[in-house]
Amino acid sequence: MEKMQIKNNIRKLRFFHDELTQEQLAVKVGVTRQTIIAIENAKYAPSLDLAFRIAHVFGSPLEEVFIYEPKE
């Protein structure tokens, strides 16, 4: 089975939401700033629950925040 990677638009969405910091987002979703950094850099795939919580903060559908595609 081919490996997949979850990319995201979190950095861009943070910028368009009053330049929300990684720390502010982390507090809103109940994780550490390091977790947000790892997710933004595609080093860590969030749980489904966390992915929905992040999308909810931005008022965006899950598919607008996260992109699931094959690794190159």
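Keep in mind that what you see is a predicted model, and the values were worked out from it rather than measured. In this chain, residues are counted from 1 in sequence order.
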Report task. Just jot down the side-chain contact (heavy atoms from CB on, under 4.5 Å) partners of Leu20, sequence neighbours excluded, or say none. Result -> Arg14, Gln24, Leu25, Lys28, Val57, Phe58

**Report entry** Heavy-atom donor-acceptor pair, Asn8 side chain to Ile67 backbone, under 3.5 Å
**Finding:** no

Query - Contacts of type side-chain hydrogen bond (donor to acceptor under 3.5 Å, both in side chains), residue Glu23, not counting sequence neighbours - result: none

Pairs under 3.5 angstrom only: tabulate donor-acceptor contacts from the side chains of residues 42-49 to other protein residues two or more places apart or in another chain.
from: Ser47; atom 1: OG; to: Leu50; atom 2: N; distance (Å): 3.1
from: Asp49; atom 1: OD2; to: Arg53; atom 2: NE; distance (Å): 3.0
from: Asp49; atom 1: OD2; to: Arg53; atom 2: NH2; distance (Å): 3.0

**Report entry** Within one Ile-Leu-Val-Met-Phe-Trp-Tyr cluster: Ile54 and Val27, side-chain cutoff 4.5 Å
**Finding:** no

Query raised in the report: If two hydrophobic side chains count as joined below 4.5 Å and joins carry through other members, does Ile10 share a cluster with Leu62?
Result: yes

Query raised in the report: Would a hydrophobic clustering, with Ile, Leu, Val, Met, Phe, Trp and Tyr connected at side-chain separations under 4.5 Å, put Ile37 with Ile6?
Result: no

Query - side-chain hydrogen bond (donor to acceptor under 3.5 Å, both in side chains) partners for Gln22, two or more places apart - result: Glu40

Query raised in the report: Would the number of heavy atoms belonging to other residues, nucleotides or ligands and lying under 6.0 Å from NE2 of His17 be above 12?
Result: yes

Report summary line: Students should find that the hydrophobic cluster of Phe15, defined by side-chain heavy atoms under 4.5 Å apart, otherwise consists of Phe16

**Report entry** Side-chain touch Ile36/Val29, heavy atoms, less than 4.5 angstrom
**Finding:** yes

Query raised in the report: With sequence neighbours excluded, what pairs up with Gln34 under the side-chain contact (heavy atoms from CB on, under 4.5 Å) test?
Result: Thr32

